[in-house]
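Worksheet: the structure to be examined is printed underneath.
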Amino acid sequence: MTGKPKRLDRKGLSIAELAQKSGLSRGTIIRYTPRTRKQWIEQKAQELEAIRAYHDDEGYSWSQTAKHFGLSTSTVQQRARRARRERDEEQDQSPPKVA
């Protein structure tokens, strides 16, 4: 019986990028390159904000946004709504600015 395999750092590459670069399957990459929950949550928050900014700030349509991020139109709409909601909650929790 062998021990647990050594966990490897992806060094900022996505699972798909590392799988393509290494020739290994996505499943193998996922098993051997974990991220902490905190890292995953931070990455997802950045992705949500990027989708929101691309559509709201840069003015792209929903279909253009979906194509840019490789997602369906309904998915980018949901994620943009979630990003707006989280952004509003953060602003509501921050202390008022004193002039």
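Side-chain atoms are counted along with the backbone in the values below, which use heavy atoms only and exclude waters and symmetry mates. Sequence positions, counted from 1, serve as the residue numbers for this chain.
- There is a side-chain donor-acceptor pair under 3.5 Å between Q64 and S61.
- No side-chain heavy atom of E17 sits less than 4.5 Å from a side-chain heavy atom of K21.
- Listed by chain and number, the hydrophobic cluster partners of L71 are I51, Y54, Y60, W62, F69, V76, where partners are ILVMFWY side chains within reach of under 4.5 Å, directly or through others.
- Considering CG of D92 and CD of E89, their distance stands at 7.5 Å, rounded to 0.5 Å.
- Taking the side chain to side chain contact (heavy atoms under 4.5 Å, CB included) definition, one finds that E86 meets it with L48, R82, sequence neighbours left out.
- Expressed to the nearest 0.5 Å, how far OG1 of T28 lies from CD1 of I15 amounts to 11.5 Å.
- Summarising the hydrophobic clusters (Ile, Leu, Val, Met, Phe, Trp, Tyr; side-chain heavy atoms under 4.5 Å, direct or chained), the residues clustered with W40 are I41.
- In terms of the salt bridge (charged side-chain N to carboxylate O under 4.0 Å, His left out) criterion, residue partners of R52 (sequence neighbours excluded) are, by chain and number, E49, D56, D57.
- A search for side-chain hydrogen bond (donor to acceptor under 3.5 Å, both in side chains) contacts involving S74 returns S72, not counting sequence neighbours.
- Rounding to the nearest 0.5 Å gives a distance of 9.5 Å between CG of L13 and CD1 of I29.
- For E47, the salt bridge (charged side-chain N to carboxylate O under 4.0 Å, His left out) test picks out K44, with sequence neighbours left out.
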